Structures are given as C-alpha cells and as structure tokens.
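Worksheet: one structure, shown below.
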Amino acid sequence: MGKRKIEIMDTTLRDGEQTSGVSFSAAEKLTIAQLLLEELQVDRIEIASARVSEGEFEGVKGIMAWAETKGYTDKIEVLTFVDKGLSIEWMKKSGAKVQNLLTKGSLNHLTHQLKKTPEQHFSEIAESIALANENGIATNVYLEDWSNGMRNSPEYVYQYLDFISTQPVKRILLPDTLGVLIPSETSQYITEITQKYPQIHFDFHAHNDYDLSVANVMEALKAGVHGLHVTVNGMGERAGNAPLASTIAVINDFMPEIEIGVKETSLYSVSKLVETFTGYRIPANKPIVGDNVFTQTAGIHADGDNKNNLYFNDLLPERFGRKRKYALGKTSGKANIEKNLQELGLQLNQEDLKLVTQRIIELGDKKETVTKEDLPYIISDVLDSHTYQEKITVESYLLSHAKGMRPSTTLCLKIDGQIIEEHAQGDGQFDAFMNALAKIYKTKKMTLPKLVDYAVRIPPGSSSDALCETVITWLNNGKEFKTRGLDSDQTVAAIIAAQKMLNVVAE
Ligand SMILES: CC(=O)SCCNC(=O)CCNC(=O)[C@H](O)C(C)(C)COP(=O)(O)OP(=O)(O)OC[C@H]1O[C@@H](n2cnc3c(N)ncnc32)[C@H](O)[C@@H]1OP(=O)(O)O
C-alpha cells in the first residue's frame with residue numbers, strides 16, 4: 001500500500017506569536033517564512049491574524065510580495081474573522097490569498113461570545129466565504145473550541161459540518177483550542193468525523209496544555225486527518241502548540257504509512273533562529289532541539305557507547321544537524337573523559353587519566369557540568385600539580401568584600417608544619433590575600449616573588465558559571481615563571497595559582 005501524504009501547516013508566525021511577550025518584526029516574519037517553506041519545506045504556513053496592527057499588515061504584505069515571485073501564494077494563510085468583510089478587505093490590501101476563517105466549533109462559544117444562533121452564524125459564514133471567493137481568496141475554516149464542542153454539544157458540531165460541507169471551502173481545521181483532549185478522545189472524535197465526511201480535508205490543531213499535543217497528533221493521524229498544525233519550538237498561547245521537531249520525528253520513526261516532506265536536518269537551525277528572534281529560550285531538555293538532549297552524562301552510558309553504541313536510540317543527533325556529546329561532571333567515568341579527549345585529539349596514559357577523572361568529579365561536586373573546552377585547562381592543572389611536592393599549603397582563608405569597606409582577607413598558611421595566621425586589606429580580594437601572604441613571609445624572613453602579570457581566561461563558549469583559568473606571571477631572582485589555577489571562582493583560581501608559586505619557589 002502506498003504512503004498517505006499529510007500536509008504540515010506551520011503556524012509559528014500566527015499561533016506561535018500568541019506566546020506571551022513574543023512579537024516578530026516584518027523582516028523576521030519574512031525570514032522565518034522563507035526558511036519554513038524553502039529550507040524545511042513545510043507544506044503551508046499561517047502568518048498572521050487579520051486586522052491586528054499596522055506592523056502585522058506590513059509583515060503580511062512583505063511575505064506576499066516575496067511569495068508572488070515564487071508561486072507560493074496558495075501556501076500562505078491568514079486567520080480571519082466573521083466580521084462583515086473587514087478581514088477580507090485587510091487581506092485584499094495585503095495580497096494574501098488564503099483565509100483561515102475563525103468560526104465557532106462549540107455551542108458554548110457561539111452562545112456566550114458571539115451571542116448568535118447557529119442559523120445566524122452559518123448565514124454570516126456563508127457571506128464571508130462568498131465575499132472571499134469574489135475577491136479571489138480561498139477559504140479554510142477553523143471550528144474554534146471544537147474539542148469541547150464534541151464533548152458538550154456534538155449535535156451542534158454535526159449541524160455545522162452538514163452546513164459547511166455545502167460551502168466552497170478547501171479545508172476544515174479542527175482545533176483543540178484549550179488543549180483538553182486525551183489521545184483516546186482525539187481518536188474517537190476524529191474517526192467519527194472523517195468517516196462521516198470522507199470527501200473533506202481535515203487538519204488537526206493541537207495545544208499542549210497537558211503535554212499531550214504530540215500524542216494527540218499521532219491519534220489524529222491514525223484516525224484519518226489530512227493535515228497537522230505545528231509551531232517551531234512548540235510556541236503558542238499558554239502551553240503552546242504541537243512542536244514541529246518532535247512531531248516530525250515521531251511521524252518518521254513510528255508512522256511508516258505517513259508521508260511528509262519536511263527536512264529533518266534543518267529542524268535545529270530553524271529552531272535556533274526562532275529562539276534568537278523571540279528571545280524565548282528553548283528548554284535544555286526539549287526533545288530534538290534542546291541543548292542537552294544528545295548529551296550522555298552518566299559514566300556507564302559513555303562506556304556502553306564505546307561498546308557497540310549501547311545507549312543510542314533512533315534519534316541520532318546527525319539526523320537533525322547535531323552531534324552527540326559526553327558531559328563531564330561528577331557522574332563521569334573514564335569513558336566520558338576519553339570520548340572528549342578523542343574529540344580534542346588528546347591522549348593521556350592511564351595514571352593521568354585517573355587523576356583527571358578524579359579532578360573532574362571533584363569539580364562536578366561544585367558545579368554540575370564541566371565542558372569539553374575546560375578539559376585542556378584541567379589536564380594542565382592536574383598534571384602540573386603532581387610534578388612537585390607541596391611544602392607550603394593554604395590551609396584556610398576568609399575573603400570579604402562589602403560595599404563601603406576595603407576588601408580584606410584572613411589567611412592561615414602552613415609552612416613546614418607550622419600554621420601562621422594573618423589578616424590584611426587590599427584593593428581587591430586577591431590583593432588582600434597577597435598582602436596577608438606578604439605579612440607572613442615578612443615574619444618568616446622569607447622572600448616573596450613579585451607579581452608581574454595576572455591573566456584571567458574562561459574557556460571559549462562557556463557560560464557565566466564556567467571554569468575560570470587564572471595564569472599569574474611571577475618574578476623571582478630575576479627570573480619569570482608562570483603558575484595557573486582553575487576554579488569556577490576567579491579569586492579562588494588565583495589563590496590556587498599563588499599556592500603553586502609558593503611551592504615552586506620553596507623547591
Ligand atoms: C484559534 C485562536 O487562537 S483564536 C485567536 C484569534 N486571534 C486573535 O484574537 C488575535 C487578534 N485579535 C485582535 O487583534 C482583536 O481581538 C480583534 C482585532 C480581532 C478585535 O478587537 P476588538 O474589536 O478590540 O475586540 P475584542 O478583542 O475586545 O473582542 C473580540 C471581539 O471579537 C468577537 N469574536 C470572537 N470570535 C469571533 C469570530 N470568530 N469572528 C468574529 N468575531 C469574533 C467577540 O465576540 C468580540 O466582539 P464584541 O466586542 O462585539 O463582543
């Protein structure tokens with residue numbers, strides 16, 4: 001049996017823009033429209049609600065001017081209202097050619113919001129459709145609140161469907177407006193409708209209020225719908241719509257009877273672009289597109305991947321233009337570290353690997369993850385520290401930094417088994433630390449090297465809580481040398497570097 005072709009309609013630019021706080025500029029709408037249709041190759045897009053604003057009008061006009069040059073005008077839709085021709089007038093001026101007319105799919109909404117009878121509503125819908133036709137505009141109809149309509153007023157829904165099936169409409173759009181359906185109900189309602197009206201094209205429009213949008217989409221497809229509405233990153237009013245990326249992956253992996261034309265490899269880049277335009281951050285654990293979803297954290301998983309990719313599933317990151325990562329942290333084992341070393345082209349012997357692993361676990365106790373970019377710094381830090389014997393140790397310290405007061409440090413230093421405590425102020429916390437150190441060295445009649453340079457680096461691509469590397473250049477008896485410290489706190493990293501300096505000089 002041949003595959004059943006399904007239309008994917010992306011409504012990021014209409015329902016996705018109903019995410020609280022999100023508003024696309026006309027230029028952003030055009031860029032996203034172009035990517036959706038040409039890069040991802042979705043079948044149709046809904047780009048605006050009519051009459052919303054001047055900016056929205058300009059956005060639609062811009063997209064329609066581009067669509068004309070490409071022959072895409074019948075793929076681009078605008079949500080309109082039953083409003084005595086106001087929406088049609090707006091569409092005409094903008095150049096849009098397909099209206100998605102918002103009509104009432106439940107008696108509750110019809111009675112309480114529009115305060116009309118079904119007969120009045122149907123007559124006004126027929127007028128809107130006729131007017132659209134006269135103006136060369138095709139019509140799809142939304143049955144708003146259709147899912148509650150099926151639950152509470154099914155006789156009205158069927159009365160509506162009997163009426164609309166006599167009208168020149170292209171598609172009927174069935175929205176679960178409030179995201180209240182569970183999969184078994186979706187299956188039941190859509191099966192009833194598609195069997196009763198086999199000649200009609202139905203789209204299903206899910207919302208994610210119970211996190212059931214993709215499950216409902218699967219049931220809707222099995223029950224015979226011909227199209228689906230989705231948004232990039234699952235954006236949309238309240239909990240959003242069915243997310244494009246997971247919907248596509250689920251269809252490709254679990255529904256071999258369905259054919260879709262969307263390109264999986266472009267899902268991630270489009271998702272990131274929409275994230276940038278909206279400022280609406282993708283949760284790290286969002287399937288397919290979240291930062292963490294292709295990262296193995298547990299040591300046993302990394303080990304299993306070394307042994308025949310035991311912890312892979314069918315969602316291979318490369319399908320979506322992404323790469324698998326192995327996190328470094330307290331749940332790491334040697335395998336995680338080896339995987340990262342391979343990527344960096346580095347090799348360690350077993351003893352050094354153990355030391356580096358231990359250090360990463362210690363760091364993981366302070367910070368959730370250590371990045372691959374941290375690794376070279378950690379290696380040089382760990383391998384440096386076991387090249388000399390520590391004769392002098394910083395036993396404890398108290399750093400203080402308060403508004404209106406000079407930074408100060410209380411320091412306990414252990415020199416040849418003896419603990420000495422000093423307190424000093426300074427221009428910053430590390431300066432205060434060095435001043436306390438100088439006092440101790442003066443008491444012990446020891447010479448302290450001079451600090452000649454202090455450089456702080458964070459590994460490239462790191463976030464604000466990343467490890468920080470401090471490299472200090474010292475001058476001792478006319479010779480310069482460097483020590484480095486690594487920690488998530490900059491002052492602590494400098495203190496680690498200073499402790500190394502004390503031991504280098506003491507050798
Ligand atoms: C499926 C969905 O997500 S539905 C989302 C639809 N999109 C939007 O609402 C976003 C765009 N909306 C807007 O910009 C504005 O609400 C407008 C331009 C449509 C109307 O603005 P206003 O005239 O200020 O009315 P307001 O927003 O207060 O109320 C909505 C009006 O639309 C009416 N309405 C509700 N559904 C429909 C419908 N399907 N067709 C026509 N009118 C409708 C309401 O009854 C109300 O009319 P009333 O003031 O006469 O009682």
Side-chain angles (χ1 to χ4, degrees), residues 9-24 29 45-60 77-91 93-94 96 98-118 120-132 137 139-150 156-157 160 163-164 167 169 171-181 202-209 213 216 227-231 234-242:
M9 193 279 256
D10 183 286
T11 179
T12 306
L13 299 178
R14 197 280 295 172
D15 217 345
E17 204 182 24
Q18 287 174 222
T19 307
S20 177
V22 168
S23 171
F24 295 111
K29 280 207 168 192
I45 56 176
E46 188 178 46
I47 58 170
S49 296
R51 294 173 46 202
V52 162
S53 67
E54 196 47 40
E56 197 75 337
F57 179 76
E58 289 305 322
V60 173
E77 303 169 4
V78 170
L79 183 132
T80 55
F81 310 101
V82 186
D83 55 8
K84 303 198 181 320
L86 292 176
S87 293
I88 296 297
E89 199 48 37
W90 195 94
M91 282 192 65
K93 287 192 193 141
S94 72
V98 184
Q99 70 160 337
N100 289 343
L101 182 62
L102 187 68
T103 70
K104 295 302 183 192
S106 75
L107 200 52
N108 191 26
H109 274 217
L110 178 63
T111 313
H112 291 105
Q113 194 170 35
L114 293 189
K115 304 187 193 317
K116 301 229 158 118
T117 63
Q120 286 171 317
H121 192 38
F122 299 162
S123 145
E124 289 180 0
I125 292 169
E127 278 171 27
S128 292
I129 297 170
L131 186 63
I137 292 171
T139 300
N140 301 316
V141 286
Y142 269 113
L143 272 73
E144 195 185 13
D145 201 36
W146 160 80
S147 40
N148 277 318
M150 289 301 284
Y156 165 73
V157 177
Y160 179 108
F163 148 72
I164 204 74
Q167 294 293 309
V169 298
R171 305 176 186 88
I172 297 184
L173 320 177
L174 303 174
D176 179 15
T177 303
L178 299 175
V180 294
L181 288 179
F202 290 104
D203 277 1
F204 178 62
H205 176 112
H207 273 276
N208 207 29
D209 296 66
S213 61
N216 283 329
L228 293 176
H229 296 187
V230 293
T231 56
M235 291 172 58
E237 196 144 341
R238 306 184 312 279
N241 292 63

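Counting starts at 1 for both ligands and their atoms, in listed order. These numbers were taken from a predicted model, which means no experiment stands behind them.
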| query | For atom 40 (N) of ligand 1, is the nearest protein heavy atom under 4.0 Å away? | reply | yes
| query | Which bit of Glu144 is near ligand 1, meaning a heavy atom under 4.0 Å away: side chain, backbone, both or neither? | reply | side chain
| Are any of the heavy atoms in Glu237 under 4.0 Å away from ligand 1? | no
| task | Kindly assign one of parallel, tilted or perpendicular to the pair Phe122 and Phe163, based on the angle between their ring planes and the thresholds 30° and 60°. | result | parallel
| remark: Under 4.0 Å between heavy atoms, the region of Arg14 that gets near ligand 1 turns out to be side chain
| remark: Among non-hydrogen protein atoms, atom 7 (N) of ligand 1 lies closest to Ser49 OG, 3.6 Å
| message | Quick check: do Glu124 and Lys84 have side-chain heavy atoms less than 4.5 Å from each other? | response | yes
| request: Side-chain contact test, heavy atoms from C-beta onward, threshold under 4.5 Å: evaluate it for His205 versus Leu173 and give yes or no. | output: no
| said: The test is side-chain contact (heavy atoms from CB on, under 4.5 Å); show your working for Leu178 and Asp145 and say whether it passes. | reply: CA-CA 7 Å; Leu178 299 175; Asp145 201 36; 3.9 Å; yes
| field | Atom of Ser49, atom of Phe81 and distance for their closest heavy-atom approach | value | CB-CZ, 4.3 Å
| message | Can you confirm whether some protein heavy atom lies under 4.0 Å from atom 3 (O) of ligand 1, or whether none does? | response | yes
| said: Is there a polar contact, in the sense of an N or O pair closer than 3.5 Å, between Leu102 and ligand 1? | reply: yes
| Looking only at non-hydrogen atoms, which of Val141, Asp15, Thr80, Leu114 approaches atom 43 (C) of ligand 1 most closely? | Leu114
| What residue and atom, counting heavy atoms only, is the protein's closest point to atom 51 (O) of ligand 1, and at what distance? | Gln113 O, 4.7 Å
| request: State, to 0.1 Å, how close Thr80 and Ala50 come at their nearest heavy-atom pair, and which atoms those are. | output: CG2-CB, 4.1 Å
| message | Any protein heavy-atom neighbour for atom 45 (O) of ligand 1 (distance below 4.0 angstrom)? | response | yes
| note | Per-atom filter on ligand 1: closer than 4.0 angstrom to a heavy atom of Val82 are 40 (N), 41 (C)
| With distance as the sole test, does Gln120 use its side chain to make a donor-acceptor pair with the main-chain N or O of Thr117 at under 3.5 Å? | yes
| Quick one: does Lys115's side chain have a donor or acceptor within less than 3.5 Å of a partner on His112's backbone? | yes
| request: Under 4.0 Å from a heavy atom of Lys104: give me the atoms of ligand 1 that qualify, with their elements. | output: 35 (C), 36 (N)
| message | Is it the case that the side chain of Asp176 and the backbone of Leu181 share a donor-acceptor pair, with hydrogens and angles ignored and the cut-off at 3.5 Å? | response | yes
| query | Short list, please: which atoms of ligand 1 are under 4.0 Å from a heavy atom of Val52? | reply | 11 (C), 14 (O)
| field | Part of Leu79 within contact of ligand 1 (heavy atoms, under 4.0 Å) | value | side chain
| Any non-hydrogen protein atom less than 4.0 Å away from atom 9 (O) of ligand 1 | no
| said: Just to check, does Pro175 reach to within less than 4.0 Å of ligand 1 when the distance is taken from its heavy atoms? | reply: no
| task | Go through the steps to decide whether Glu17 and Lys29 satisfy the test side-chain contact (heavy atoms from CB on, under 4.5 Å), and finish with yes or no. | result | CA-CA 10 Å; Glu17 204 182 24; Lys29 280 207 168 192; 3.0 Å; yes
| request: For atom 19 (C) of ligand 1, decide whether some protein heavy-atom distance is shorter than 4.0 Å. | output: yes
| said: By the definition side-chain contact (heavy atoms from CB on, under 4.5 Å), identify the one residue from Thr177, Thr103, Val157 that meets it with Trp146. | reply: Val157
| said: Please check whether Arg51 reaches ligand 1 - meaning an N/O of the residue sits under 3.5 Å from an N/O of the ligand, judged on distance alone. | reply: no
| query | Would Val78 and Ile47 count as a side-chain contact (heavy atoms from CB on, under 4.5 Å) if you check the C-alpha gap in whole Å, the side-chain angles of each, and the deciding distance to 0.1 Å? | reply | CA-CA 6 Å; Val78 170; Ile47 58 170; 4.1 Å; yes
| request: For ligand 1, find out whether one of its N or O atoms is nearer than 3.5 Å to an N or O atom of Phe81. | output: no
| task | Can you label the angle between the Tyr156 ring and the Tyr160 ring as parallel, tilted or perpendicular, going by 30° and 60°? | result | perpendicular
| task | Verify the contact flag for atom 31 (C) of ligand 1, where contact means a protein heavy atom under 4.0 Å away. | result | no
| task | Kindly state if atom 34 (N) of ligand 1 has a protein heavy atom within a strict 4.0 Å cut-off, that is, under 4.0 Å? | result | yes
| query | Counting only non-hydrogen atoms of the protein, does one fall under 4.0 Å from atom 15 (C) of ligand 1? | reply | no
